[in-house]
Peer 1: 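My structure is below; once you've seen it, I'll send some questions.
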Amino acid sequence: MRKVPALVTIGLLAILLIVSDHPFPPPSEPDRETRTAVVALGDSTMSGEGAGDYEPGTNGEDGGNWCHRSREASIMKTVIEADQKINLACSGANSEKLRNEQLPKLREIAGANKVVAIVVAIGANDDPRFAEVLNKCFEAWGKRSDCTSSVASEWSKRVRRMVPKVENTLRAVRQTMRDSGYLDSSYQLIVQSYAAPVSPKMPRSLQNLSGCPLRTSDLEWVVEEAVPELSNGLRTAADKVNARFLDLARAGDGHEACRGGSDHQDEEWFTRLTVDWDGLKNDKRSSHALQESFHPNARGHEQIARCLTEFLAADKRDGACVPRLDGTLGLTTES
């Protein structure tokens, strides 16, 4: 092998020192463009409430939080080309909590990764207080009265008051991403609505404490009026910030809690009345003993993930998740 003269070697080293602070720089950490992420923000329907298998620290352990962030949540089951799927959602969150508690974490994630999509489910815990409405309907069943008469008359007002709060929160998401160097067009922002977890078509034999203690008239109002109106309000908020909208109002049709009767509970995508009996014995956990009731179960989250996967790959602004004849949940798009 021919030997390189010493003067030539010295000259090459001098050139390297001029053009670089270090002639042989060590391998650098990959920048955010090489690490992609999908992020979920929102409340219980996004965190995975009802699906079980909760992340440590999110099931009230040792005074911890009750976000019930599940490894079975729909965002974790969604198929998308991304290195990470990160769930920041927390059961019970409203718009204010999302802004104050989840957006700072989104800022950190957006700075360290290339965020390709953000999926948001928020609003039900704002003025509509949907979980509280279901609780009132549960109480009304016990009193042999209805809950609709006390809620229906003001439901539209509640939804209208919710819309600007959700809009402001979505604008805050946009601003967080802009502050992190993103264009609005460089990632997908998807607003997801809520599915009706119950149906008036359930067997009467399960309209009790062994399944779904809710009156038929109240169930009709939830399915035919409350959930569709809530979805329309969220669609309005999404439109205001140029976000995509995925309507889940009909996603549970035929698979609601108690719909399968006594023999086909495995076909249901939502939890029935669910009681943490051990939690009832613990003063610190007793107030959360019914928390999982009437939320998508692991099967439900898997089906929602199937529809969300299709929507992420679609090029339509709006879409809706509806059950197919083959028993799965699929996407129908709107112009």
Side-chain angles (χ1 to χ4, degrees), residues 38-50 58 65-69 73-75 86-110 115 117-136 151 154-180 182 184 187-197 226-249 291 294-296 304 308 318:
V38 176
V39 182
L41 305 172
D43 55 30
S44 58
T45 59
M46 188 61 73
S47 74
E49 181 73 77
T58 69
N65 66 49
W66 288 91
C67 287
H68 273 180
R69 203 172 288 127
S74 58
I75 194 66
I86 303 172
N87 191 356
L88 300 179
C90 185
S91 185
N94 58 14
S95 290
E96 181 180 8
K97 286 188 175 182
L98 190 157
R99 293 193 300 271
N100 293 339
E101 299 173 9
Q102 297 175 32
L103 289 192
K105 297 176 183 177
L106 173 63
R107 186 185 301 273
E108 294 177 8
I109 293 166
V115 174
I118 301 172
V119 187
V120 183
I122 201 70
N125 293 323
D126 288 306
D127 296 86
R129 301 193 299 278
F130 189 49
E132 178 183 305
V133 169
L134 289 178
N135 287 337
K136 285 186 176 180
V151 178
E154 62 177 28
W155 183 253
S156 295
K157 295 178 182 178
R158 290 190 185 189
V159 172
R160 285 197 297 270
R161 290 196 298 266
M162 172 204 74
V163 172
K165 294 178 182 178
V166 173
E167 178 188 342
N168 289 340
T169 297
L170 296 174
R171 291 193 186 281
V173 172
R174 288 287 198 202
Q175 191 59 52
T176 297
M177 296 298 287
R178 290 169 189 154
D179 292 343
S180 300
Y182 289 76
D184 290 359
Y187 64 96
Q188 293 192 57
L189 177 57
I190 295 172
V191 178
Q192 178 179 295
S193 69
Y194 300 86
V227 169
E229 192 162 2
L230 181 58
S231 286
N232 288 336
L234 292 169
R235 184 194 302 272
T236 299
D239 287 344
K240 295 284 188 179
V241 300
N242 197 30
R244 302 181 71 198
F245 179 70
L246 185 60
D247 189 355
L248 266 62
Q291 186 170 317
F294 308 121
H295 284 86
I304 293 170
L308 180 57
D318 290 354

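Excluded from the calculations below are hydrogen atoms, water molecules and symmetry mates; all remaining heavy atoms, backbone and side chain alike, are included.
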Peer 1: CG of Leu170 to CZ of Arg99: how many Å apart, nearest 0.5 Å?
Peer 2: 10.0 Å

Peer 1: With a 4.5 Å heavy-atom cut-off, do Met162 and Leu230 have their side chains touching?
Peer 2: yes

Peer 1: Donor-acceptor pair, distance only, cut-off 3.5 Å: does the side chain of Thr58 make one with the backbone of Arg69?
Peer 2: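 Indeed, once roles are kept as given, a pair shorter than 3.5 Å links the two residues.
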
Peer 1: Take Leu308 and Val119, measure what side chain to side chain contact (heavy atoms under 4.5 Å, CB included) needs, and give me the verdict at the end.
Peer 2: CA-CA 9 Å; Leu308 180 57; Val119 187; 4.3 Å; yes

Peer 1: Which residue pairs pass the salt bridge (Lys or Arg N to Asp or Glu O under 4.0 Å) test when at least one of the two sits in residues 117-130, sequence neighbours left out?
Peer 2: Asp127-Arg161, Asp127-Lys165, Arg129-Glu132

Peer 1: Could you give me the CA-CA distance, side-chain angles and deciding distance for Ile109 and Val115, then say whether side chain to side chain contact (heavy atoms under 4.5 Å, CB included) is met?
Peer 2: CA-CA 8 Å; Ile109 293 166; Val115 174; 4.2 Å; yes

Peer 1: Closest approach of Ala243 and Val191, non-hydrogen atoms and distance?
Peer 2: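 Shortest heavy-atom separation between Ala243 and Val191 comes out as CB-CG2, 4.0 Å.
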
Peer 1: Quick one, Ser91 and Gln291 - any side-chain contact, counting heavy atoms below 4.5 Å?
Peer 2: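 The answer is yes; the side chains approach within 4.5 Å.
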
Peer 1: Can you check whether Lys105 reaches Ile86 side chain to side chain, under 4.5 Å on heavy atoms?
Peer 2: no

Peer 1: Quick one, Arg174 and Met177 - any side-chain contact, counting heavy atoms below 4.5 Å?
Peer 2: no

Peer 1: Any chance you could measure Leu88, atom CG, to Leu98, atom CG, to the nearest 0.5 Å?
Peer 2: 8.5 Å

Peer 1: Using only atom types and a distance under 3.5 Å, with no angle test, would you say the side chain of Ser95 pairs donor to acceptor with the backbone of Thr169?
Peer 2: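 Side chain of Ser95 to backbone of Thr169: no pair is present.
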
Peer 1: Distance from Asp247 atom CG to Tyr194 atom OH, nearest 0.5 Å?
Peer 2: 12.5 Å

Peer 1: Any chance you could measure Thr45, atom OG1, to Asn125, atom CG, to the nearest 0.5 Å?
Peer 2: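 Reported value, rounded in 0.5 Å steps: 8.5 Å.
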
Peer 1: Can you find a heavy atom in the side chain of Val173 that is under 4.5 Å from one in the side chain of Leu103?
Peer 2: yes

Peer 1: So, taking the atom named CD in Glu167 and the one named CG in Asp239, what distance separates them when rounded to the nearest 0.5 Å?
Peer 2: 10.0 Å

Peer 1: For the residue pair His295 and Pro197, establish whether any side-chain heavy-atom pair is separated by less than 4.5 Å.
Peer 2: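 Counting from C-beta outward, His295 and Pro197 never come under 4.5 Å.
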
Peer 1: Taking all atoms of both residues into account, what is the closest heavy-atom pair of Gln102 and Gly42, and its distance?
Peer 2: OE1-N, 2.9 Å

Peer 1: Within this structure, what is the CZ-CG distance for the pair Phe245 and Asn232, rounded to the nearest 0.5 Å?
Peer 2: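 Answer for the CZ-CG pair, Phe245 versus Asn232, is 7.5 Å.
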
Peer 1: Would you sort out whether Ser193 and Arg235 count as a side chain to side chain contact (heavy atoms under 4.5 Å, CB included), showing the intermediate values?
Peer 2: CA-CA 8 Å; Ser193 69; Arg235 184 194 302 272; over 6 Å; no

Peer 1: Under the criterion side chain to side chain contact (heavy atoms under 4.5 Å, CB included), I'd like the reasoning laid out for Ile122 against Leu41: C-alpha separation, chi angles, the key distance, then a yes or no.
Peer 2: CA-CA 8 Å; Ile122 201 70; Leu41 305 172; over 6 Å; no

Peer 1: Please find the pair of heavy atoms, one from Met46 and one from Ala121, that lie closest to each other, and give the distance.
Peer 2: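 It is CE-CB, 3.9 Å.
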
Peer 1: Can you name the nearest heavy-atom pair linking Val163 to Gly233, along with the distance?
Peer 2: CG2-O, 3.5 Å

Peer 1: Does any non-hydrogen side-chain atom of Thr176 lie less than 4.5 Å from one of Tyr182?
Peer 2: no

Peer 1: Which residues pass the salt bridge (charged side-chain N to carboxylate O under 4.0 Å, His left out) test with Arg158, sequence neighbours left out?
Peer 2: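 Expected list: Glu154.
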
Peer 1: State, to 0.1 Å, how close Val133 and Trp155 come at their nearest heavy-atom pair, and which atoms those are.
Peer 2: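 Answer, listing the atom of Val133 first, then Trp155: CG2-CZ3, 3.8 Å.
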
Peer 1: Do His68 and Ser44 have side chains that get closer than 4.5 Å, going by heavy atoms?
Peer 2: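 The answer is no, as the side chains (C-beta and beyond) never meet within the 4.5 Å cut-off.
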
Peer 1: Please name the pair of heavy atoms, one in Ser74 and one in Ile304, separated by the smallest distance, quoted to 0.1 Å.
Peer 2: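 Heavy atoms of Ser74 and Ile304 come nearest at CB-CG2, 4.0 Å.
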
